[in-house]
Every structure is written in structure tokens, then in C-alpha cells.
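Worksheet: one structure, shown below.
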Protein chains: 2
Amino acid sequence: MSKSNNVYKDAYNRGLRLLGETQSLPSEPELGTLLGVSRTTVRTILARMEETGLIAWNKRSKTVLRAPKPDDFFPEEETDTLAQIIERSFMRRLLAGGAEAGMQINELELAREIGVGTTSVREFLIRFSRFGLIEKRRNSHWVLKGFTRAFALELTEIREMFEIRSAAAFAALPQDSPVWADLDRLEDEHRLLASEITTRFNEFSELDERFHRLIHRASHNRFIVDFYDVIAMIFHYHYQWNKAQERERNEVAVAEHLAYIAALKSRDLGKVDAACRKHLKSARNTLLTSIPETGNRIIS
Amino acid sequence: MSKSNNVYKDAYNRGLRLLGETQSLPSEPELGTLLGVSRTTVRTILARMEETGLIAWNKRSKTVLRAPKPDDFFPEEETDTLAQIIERSFMRRLLAGGAEAGMQINELELAREIGVGTTSVREFLIRFSRFGLIEKRRNSHWVLKGFTRAFALELTEIREMFEIRSAAAFAALPQDSPVWADLDRLEDEHRLLASEITTRFNEFSELDERFHRLIHRASHNRFIVDFYDVIAMIFHYHYQWNKAQERERNEVAVAEHLAYIAALKSRDLGKVDAACRKHLKSARNTLLTSIPETGNRIIS
DNA sequence: CAAATGTTTTTTCCCGATAAAAGACATTAT
DNA sequence: ATAATGTCTTTTATCGGGAAAAAACATTTG
């Protein structure tokens, strides 16, 4: 079947949400930029909307006829990229136990298990390899290095190096840089979240990522910025399987972020360094305590 | 034709070189480890050696009948991996001018030009993307970011951070660590090369890489160790196209390495830091001066 | 009976093909 | 004449297939 039309389905679903807001849709190119897809896909979407009686479409006029019903939407699982599907499957196996360091990874088996072609699995593994959790044996299998304490320590070591440097660069940015407005907005969101932490603690993850990415961007170094992908991936999956004391953890983190933001705004490098280190240290500890210490076998 | 037999051809060529050294070859598994290939490939090699009258092969006995002649060898170009072929082609285009930042990369066109399938090109680009020189637009083309001054600065910034830390870790290693013997050996090689620099200056590259990799390994951090791949790749290709003052450059670098090695052996962290910084600074300058400053256009 | 050889099975690597999606060109409407 | 729509072309994403290489299993040999 060569290629799934998840791009279309996902854009279609997002397009449905626009329908509630207006009586007529904008031009095709405009819809394209709005949904982040090409005009070809936009036209496919419009065609279906017309077919299902959601809109009347005649050249430039695209009149909304009715609001979308729940079953107008494509099921969520059909809107995922193959890469996302493979990643999820792979991470589940990796984190949901039974994934010992040194274990071999079999492309064919993975592909069969997930129900996709080998090419997609291969491409996924190549992309994934930069996270430092797997390694390729030439002309042969991949080897799992394992989500071990050592991995967490190596990861956080780099993270700390990079973030301390980025934070210093951030604080040194001129007053008229737009990042200060971004920071103000993030601060507000932090305060809001802090006040409703008991119910919204699970929204912290996303805020956390945006905050740290903003800081890393101040480094103006693509390697530093890109490295945050590794951290984000690890945190994303790791905390999906480890919900212990999530609320408390996030409550502490929000407070640390606010102190960190205050330090940045003071532009006092000493304060920035201290606040940054303090937060990173506690982030490292949370990560470390959640890794069960199964023997640190090193396989070479 | 699906897959070339370059693994076999390369191993065969290396196998031929063994022939001059003994009268009879070892067991199949032993040959396998020696050549770094599976027994299947070993047997294919032996079969051909028998066919061309190089050996008499009967079960355990593999008697050498004659020394290999030049035309027993497979041509060099047939022993390259597809990945190597693609990489070379790609880097030639990238560095041999005409590769402006912001330019689109077309998988299909690249594949046709090099004469390989699209899958291999895609896989190469994914692997290559970690070097920070290209970036993917989802569901669309890759964008070339260009080998610019900014790139060189970002690269060296990280390099310096990592190497200064690794050097400190190295100096702190216990006296009985095997790295000290490795360092002694490298020092000897440096002295030898220094004394014959006028004729052997082009051998420095390889020594340089081994030296820096030894130091980086002391960090015991996979991200630091892996990052050296980026540096090695850049230096490898960059200096292939830029031979200006190669001898002088390398002569200076050898001297700096020797000072750096002496500092490491002194285990005086202050000295190590100074020697390391000095060398890295001059390495950065050599790289920077060799990048022609064509407008730093930023495309976003 | 351990290690080598002989044989069979499985996996990796790579290509060509095809539908989805993007992009380019031609035409029409404001 | 600019911006939209309509149509056609190219490129990307993904699969299945097949040869090379690895790995597993069976048999022989010292």
C-alpha cells in the first residue's frame, strides 16, 4: 500500500476545527499555510468536506453548511506518522522492562511485529541512534545499550554543560531582544500553572520543554539546540512510564523555574548560574532516582 | 542488482595480503575474526582463492600455492561501501563550490546522479543530518545549511568545551590506567613524525585523529566521544580540498601536540588546560582562515 | 567432545515500483 | 495584473522482493 495518507487525515481533522469558527473558509493557499500542508492536500480535504456535506464548495466560495460531528473526524490513530508509530512501539519495548543492555535488535522482527516495512524500521533506527541508546554493528544487527544509570549520567553531564552556557548567553542578551518578552510570557504561564498545580500538574512537561528550549536557543549553537531533542525524548518517554510523585516533582520544578526566570531577569550572572545549577541538579536527581539499579553490566 | 558484494571483495583483497606471510591459512572461524567478516564470506573467499590457483583447499588444509599478483586483487573502487560512495559524492558537491546555504537537496536527483537507489540516499542523508549541515523539511526536501563560518564557530565551540573537559579527566586518570601507555606510544609516533615532517607531513591527519580520540575517550561520555565523529568528518573532507600550507600547519600542530602530551603527563591541571586551549585555538584559526567569507545569508 | 567443516535459515542491504504529497505550470476570476 | 483555481509533473514515503552476508544448525574430524 506504499504510503498512508496520515498527512491528509491529520490536516483534515485540524481543518474540521476551523469550521466551527467561521462561515466560509479562506483561499486554498491560505488554508495550506494554516494547516501546514500543500495545496494538493488542501484540495483533497475540501473535496471530502464537500462530499460529507460540511461545506458547499464552488471555486472561491467555500461556505460552511454545518458544524462537524464527532464522527466526522478520522480516528486519532490514523493520523500518526509511521515514524511516530515505530517510535512508540520501540520505546514501549525499551522501557516496559525486559530490555537488557547488550540485547540485539532485529530489524526484520521489529518490522513484522509493528506491521511495517523494513525500510521504515531501518530509517527509524538510524535516526534514533543519535540518542546514544543503540549502536550498529556493521553489516549486522543493532545492539541495545540500555537505559542505564550510566546513560542518565552522561546525558545530564552534557545537559548541564550546555544549559549553564546557554543561560549565561541568555542573561547577556540585549534588553531589546525579543526573548525577554518570550520569557515574560513563560513566567506568566508558570505562575498560572503554579496556582492550579493540584489539577494541572500534568501540563508541566510541555511548559518545561518550551522553557528550556528558549534558553538553549540563546546559545546560537545548533549542536546545543539539537541536543535538547535527546533530553526531550528521554524525559517524554521516561515520565510516561514513571508517574511516581509526579505532582510533587512538578510543583518543585515550577518553583525552581520561577527562581531561574527571576535570576535571568536580574541579568546577574552569578545568580543565573546558581539558579540554573540548582534546577539542573534536582532534575538530574529525579531522573536518577527513577532508574532502578540493575547491574551496570558493560558489554563491549 | 540489490546488493553489491563489496564486503567480500574488500575482505578478499585483505586476505590476499595474508597469503604472503604464511604457507597455510588458519581455520575458517579464525579467518573470519581476522578479516572481520562472517564464515560465509570467508568460504566464498577461499573458494575463489582455490579457483584462481592461489591455494589448495581441502577441508582443514589450506596450502598456499603461489604469491598473489597485482591483478588478483579486486579494483579498489569495488571495495567501497555504498555509504562511502554516496558520502564522497555528496561532500564533493558540498565543498567543491556551488553549494549555497539554503539550497534544496533532492533525493531523487542525487540518487540518479550517483547511480544508486533512493533508499540508500535517504539513509545517508538521515545519518548525515547529525553533522548539522542539512535539515529536513517534513514530507518535503532537505535544506542545505552550508559549510559557513557560523558552522565552524559552532562546531569549535562544542569541541573546545568537550576537549577541555576530557583533557582534565584524562590527567586525573590513575597512574595504572592503560591510557598512559597509549599516550606514550602516541608521543613516540609524534616525535618520529616531527623528525621526518618534510616528507611525511600528510600522515599527520590520521595521527591527529587517534590522539584526540584517545583524549575524548577519557570523558567516559558517549555524547562527547560520538561528537568527535563530526569533527573528524569535517576535518577529513575539508582538508582534502584545502591543502594550502599543509606542511606548516601540521608542523605547528605536531609541536602543539607534544606540548599537550607533556602537560598531560605532568598531571598538572593548570598546564593541561593551557596546552589544550592553545592547541584548540590554533586549530580553530586554521579552520576559520580556510573558509572564504561569502555572505552569511541566513535563510529561515 | 571440542573445534572445525558442511549445510540451511535468517537477516541485512539495496533496488524498483507505487500511492501520497508537494510543487510547477496553465487558466480563470476579481 | 495579481491572486486564486484547475491541471499536470515531480518528489517523497513506503512496501515487497532478491542477492549478499550473517547466523544457526548439523555433521564430521582430530
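Letters go in sequence order (proteins before strands), and every chain restarts at 1. Fair warning: this is a prediction, and the values are worked out from it, not measured in the lab.
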Interatomic distance, B:Q84 CD vs C:dC13 P [rounded to whole Å]
14 Å
Decide salt bridge (Lys or Arg N to Asp or Glu O under 4.0 Å) for A:E109 and A:R93; before the verdict, give the C-alpha distance in whole Å, the side-chain angles of both, and the deciding distance to 0.1 Å.
CA-CA 13 Å; A:E109 189 191 313; A:R93 297 178 110 209; 3.4 Å; yes
So, is A:S140 close to the D:dA23 phosphate, meaning a side-chain N or O under 4.0 Å from OP1 or OP2?
yes
State plainly whether the residues A:D229 and A:R130 are in salt-bridge range, i.e. N to O under 4.0 Å.
yes
Comparing B:W142 with A:P26, nearest DNA chain D nucleotide closer to 5' gives the residue A:P26
From C:dT12, D:dT11, C:dA24, nucleotide with atom closest to A:R39 side chain
C:dA24
Would you call A:D208 and A:R213 a salt bridge, taking side-chain N to carboxylate O under 4.0 Å as the test?
no
Please determine if a side-chain N or O atom of A:K136 lies less than 4.0 Å away from the OP1 or OP2 oxygen of C:dC13.
yes
Candidate nucleotides D:dA21, D:dT11, C:dA21, ranked by approach to the side chain of B:S38 - the nearest
D:dA21
Contact class for A:I86 vs. all strands (heavy atom < 4.0 Å): base, sugar-phosphate, or nothing?
nothing
Using a 3.5 Å distance criterion without hydrogens, assess whether the side chain of A:T44 forms a donor-acceptor pair with backbone atoms of A:T40.
yes
So which nucleotide from C:dA22, D:dT28, D:dA13 ends up closest to the side chain of B:K59?
D:dT28
Less than 4.0 angstrom between a side-chain N/O of B:S120 and OP1 or OP2 of C:dC14, yes or no?
no
Let me know the distance between CZ of A:R137 and C1' of D:dA23, rounded to the nearest Å.
15 Å
A:D72/A:R66 ion pair, N-O < 4.0 Å:
yes
Atom CZ of A:R43 and atom C1' of D:dT5: how far apart are they, to the nearest Å?
6 Å
Nucleotide nearest A:R60 (side chain, heavy atoms from C-beta), chosen from D:dG6, C:dA29, D:dC25:
C:dA29
Looking at B:T40 and D:dA22, is any side-chain donor or acceptor paired with a base atom of the opposite kind under 3.5 Å?
yes
Given that B:T118 and A:H141 both sit by DNA chain C, which one's nearest nucleotide is further toward the 5' end?
A:H141
Looking at the base of D:dT12, is there any donor atom on it, or on the side chain of A:K3, that sits under 3.5 Å from an acceptor on the other one?
yes
Integer-rounded Å distance: D:dA19 P and A:L108 CG
17 Å
How sharply is the helix from C:dC1-D:dG30 to C:dT30-D:dA1 bent, taking the axes over five pairs at either end and rounding to 10 degrees?
30°
Identify which nucleotide among D:dA20, C:dA4, C:dA24 has an atom closest to any side-chain atom of B:P29, counting heavy atoms from C-beta outward.
C:dA4
When you measure from the side-chain N and O atoms of B:S4 to the phosphate of D:dA19, is any distance below 4.0 Å, counting only OP1 and OP2?
no
Quick one: is D:dT12 close enough that its OP1 or OP2 comes under 4.0 Å of any side-chain N or O from B:N106?
yes
Between CD of B:E123 and P of C:dC14 the distance, given in whole Å, is 7 Å
Using atom CG of B:N58 as one end and atom P of D:dT29 as the other, report the distance to the nearest whole Å.
10 Å
Closest listed nucleotide, where the reference is the side chain of B:L82 and the choices are C:dG6, D:dA22, C:dC15
C:dC15
Would you say the side-chain atoms of A:N221 pair up with the backbone N or O of B:E154, donor to acceptor, closer than 3.5 Å?
yes
I'd like to know if the side chain of A:H236 and the backbone of A:A232 have a donor-acceptor N/O pair within less than 3.5 Å.
no
Contact class for B:T119 vs. all strands (heavy atom < 4.0 Å): base, sugar-phosphate, or nothing?
base
Starting at atom CG of A:L110, determine the distance to atom C1' of D:dC15, rounded to an integer number of angstrom.
17 Å
Taking the side chain as C-beta and beyond, is there a heavy-atom pair between A:E209 and A:F235 under 4.5 Å?
no
OP1 or OP2 of D:dA22 versus the side-chain N and O atoms of B:T41: is any pair under 4.0 Å?
yes
Residue-phosphate contact under 4.0 Å: B:R112 side-chain N/O, D:dT11 OP1/OP2:
yes
Heavy atoms only, 4.0 Å cut-off, all strands: where does B:K9 land among base, sugar-phosphate and nothing?
nothing
Round to a whole Å and report the spacing from CG of A:N6 to P of C:dA22.
10 Å
On DNA chain C, more 5' by nearest nucleotide between B:T81 and B:Q104 is B:T81
I'd like to know if A:R137 and A:E135 make a salt bridge, using a cut-off of under 4.0 Å between side-chain N and carboxylate O.
yes
